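Since the model is a prediction, treat every value here as computed from it, not as a measurement. Proteins come first, then strands; the chains are lettered A, B, ... in the order of their sequence lines, and each starts at number 1.
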2 protein chains.
Amino acid sequence: MLRLTKRAEYGLTALVHLVDHSGETVSARKISEHYSLPHRLVGEALKDLCRAGFLHSERGPAGGYQLARQPGSLTVGEAVAALEGAPEGTDCEAKALVGLGYGPLGDLNVESKCLIRSPLHKIQEDIWRQFERTTIQELASPEFTLLRNERGTLQPLQTSA
Amino acid sequence: MLRLTKRAEYGLTALVHLVDHSGETVSARKISEHYSLPHRLVGEALKDLCRAGFLHSERGPAGGYQLARQPGSLTVGEAVAALEGAPEGTDCEAKALVGLGYGPLGDLNVESKCLIRSPLHKIQEDIWRQFERTTIQELASPEFTLLRNERGTLQPLQTSA
DNA sequence: CTTAATTGGCACCCGATTGGTGCTAATAGA
DNA sequence: TCTATTAGCACCAATCGGGTGCCAATTAAG
Ligand code: SF4
Ligand code: SF4
């Protein structure tokens with residue numbers, strides 16, 4: 001129920017690992033052994049991410065992968081879409097308005113103009129919007145989330161205890 | 001990929017329908033016919049919601065279901081958990097802190113203290129947190145979302161166009 | 001009392017999805 | 001040459017999920 005595929009999980013794990021080892025060239029085997037994952041599947045996920053242009057690959061011994069984009073600009077949504085496909089084209093009038101620049105981008109509540117009243121549809125939209133505004137940088141280093149919310153209502157936990 | 005089950009979809013649809021027909025007793029057949037859904041599955045979903053105590057049921061002809069709770073206090077998380085099960089017990093130290101009252105409830109960013117660095121886990125948590133703070137009232141009447149965000153950064157879309 | 005329409009509960013089937021592997025080619029360092 | 005890697009794709013087996021069958025219990029209507 002409501003879970004990402006293993007392929008997506010492995011891909012995101014690999015991405016986080018590559019963020020943490022920025023600059024290095026890491027092979028699929030290294031990553032799979034580090035997290036005790038089936039190395040062939042990790043390889044498949046990395047291939048997907050490479051095909052999508054998120055990684056540089058190098059063959060041969062001492063080959064492997066590197067990040068090809070800034071981790072702060074690569075969103076979870078893009079990664080998941082590359083790994084297991086984006087949800088079917090959910091285009092409606094409300095969404096078109098966003099694309100045309102009406103209303104503030106990012107955090108606007110599209111639901112207020114939702115036309116087809118399918119609760120499932122709205123929820124899918126909610127999830128996907130969250131994916132598209134979450135970067136793998138935030139995934140790897142949660143402290144970056146605070147930056148994104150500088151204008152929001154979120155407050156860091158008090159560690160005084 | 002990353003989708004709710006049909007059972008959850010039908011259940012949420014039925015809940016929204018019951019919100020819109022508050023006070024009435026609506027049968028599974030009526031709902032299924034209204035939305036062109038397989039009526040047996042809608043029935044199964046309604047049974048789940050009834051077992052969870054979210055609905056009152058009445059048998060016999062002219063029987064059916066009614067909401068047993070205020071739609072503004074019944075969250076999507078509760079409904080989905082009853083319909084297709086909650087995610088496995090994701091309890092960690094960071095979450096325990098929330099339960100003990102450290103930090104503001106609701107919108108705090110638990111990730112800043114996340115111990116096990118599994119990106120999948122964080123994402124599941126993100127989604128589930130959103131579920132738990134979304135009520136079926138908001139699902140049925142999006143304008144209620146504005147109320148919830150009165151202190152937030154969200155702005156309603158300009159309908160001037 | 002009989003009938004019909006509903007909820008309640010559960011088992012079962014079948015098709016789709018998915019986790020995982022096999023196999024082969026291309027690349028490149030030692 | 002040998003080996004370790006990526007690239008690509010097909011394929012299998014197990015699980016999951018949508019949907020149905022079946023029957024009992026309940027209750028309104030005739
Ligand atoms: S959920 Fe509503 S607002 Fe969002 S794309 Fe679908 S119809 Fe449009
Ligand atoms: S995602 Fe992190 S903070 Fe949330 S429950 Fe899991 S370990 Fe705890």
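Under a 4.0 Å N-O distance rule, the pair B:Glu78/B:Arg69 qualifies as a salt bridge.
Listed nucleotides: C:dG8, C:dT18, D:dC9. Nearest to the side chain of A:Lys47: D:dC9. Checking D:dT6, C:dT7, D:dA4 against the side-chain heavy atoms of A:Pro61 singles out D:dA4 as nearest. With distances taken from any side-chain atom of A:Tyr65 to the nucleotides C:dT17, D:dC9, D:dA7, the minimum falls on D:dA7. Comparing atom distances between the A:Arg51 side chain and each of D:dG8, C:dT6, D:dT5 picks out D:dG8 as nearest.
Residue contacts for B:Gly64: at a heavy-atom cut-off of 4.0 Å it reaches the sugar-phosphate backbone alone, with no base atom in range. As judged by a 4.0 angstrom heavy-atom cut-off over every strand, B:Lys6 is placed among residues touching the sugar-phosphate backbone only. In this structure, A:Glu58 reaches the sugar-phosphate backbone alone: every heavy-atom distance under 4.0 Å involves primed, P, OP1 or OP2 atoms, never a base.
More than 12 non-hydrogen atoms from other residues, nucleotides or ligands lie less than 6.0 angstrom from CD of B:Glu33.
Rounded to an integer number of Å, the gap from B:His56 NE2 to C:dT6 C1' is 18 Å. Regarding A:Leu55, its CG atom lies at a distance of 11 Å from the P atom of D:dT6, rounded to whole Å. The distance between atom CG of A:Leu41 and atom P of D:dA13, rounded to the nearest whole Å, is 17 Å. At whole-Å resolution of the value, CZ in A:Arg40 and C1' in D:dT6 are 11 Å apart. Put simply, CG on A:Leu4 is 10 Å from P on C:dG19, counting in whole angstrom units. D:dT20 atom P lies 9 Å from atom NE2 of B:His39, rounded to whole Å. The interatomic distance linking A:Gln66 (CD) with D:dT5 (C1') rounds to 15 Å, in whole Å. The CG atom of A:Leu46 sits 9 Å away from the P atom of D:dA7 (whole-angstrom rounding).
Contact check, B:Arg29 against C:dT6: a side-chain N or O comes under 4.0 Å of OP1 or OP2. Regarding contacts with the backbone of C:dT17, every side-chain N or O of A:Thr5 stays at 4.0 angstrom or more from both OP1 and OP2. OP1 and OP2 of D:dT5 both lie 4.0 Å or more from every side-chain N or O belonging to A:Ser57. Listed pair B:Tyr10 / D:dG19 meets the phosphate criterion, a side-chain N or O lying under 4.0 Å from OP1 or OP2.
When each of A:Val76, A:Leu139, A:Leu49, A:Leu83 is checked for a side chain to side chain contact (heavy atoms under 4.5 Å, CB included) with A:Leu15, only A:Leu49 meets the rule.
Nearest-nucleotide positions on DNA chain D place A:Gly60 closer to the 5' end than the other of A:Glu44 and A:Gly60.
Side-chain atoms of B:Glu138 come within 3.5 Å of backbone atoms of B:Thr135 as a donor-acceptor pair (strictly under, hydrogens ignored). Formation of a donor-acceptor pair under 3.5 Å by the B:Glu84 side chain with backbone atoms of B:Thr5 is found in this model.
A donor-acceptor contact under 3.5 angstrom links the side chains of A:Glu132 and A:Trp128, judged on distance only.
With hydrogens and angles ignored, no donor-acceptor pair under 3.5 angstrom links the side chain of A:Arg59 to the base of C:dA28.
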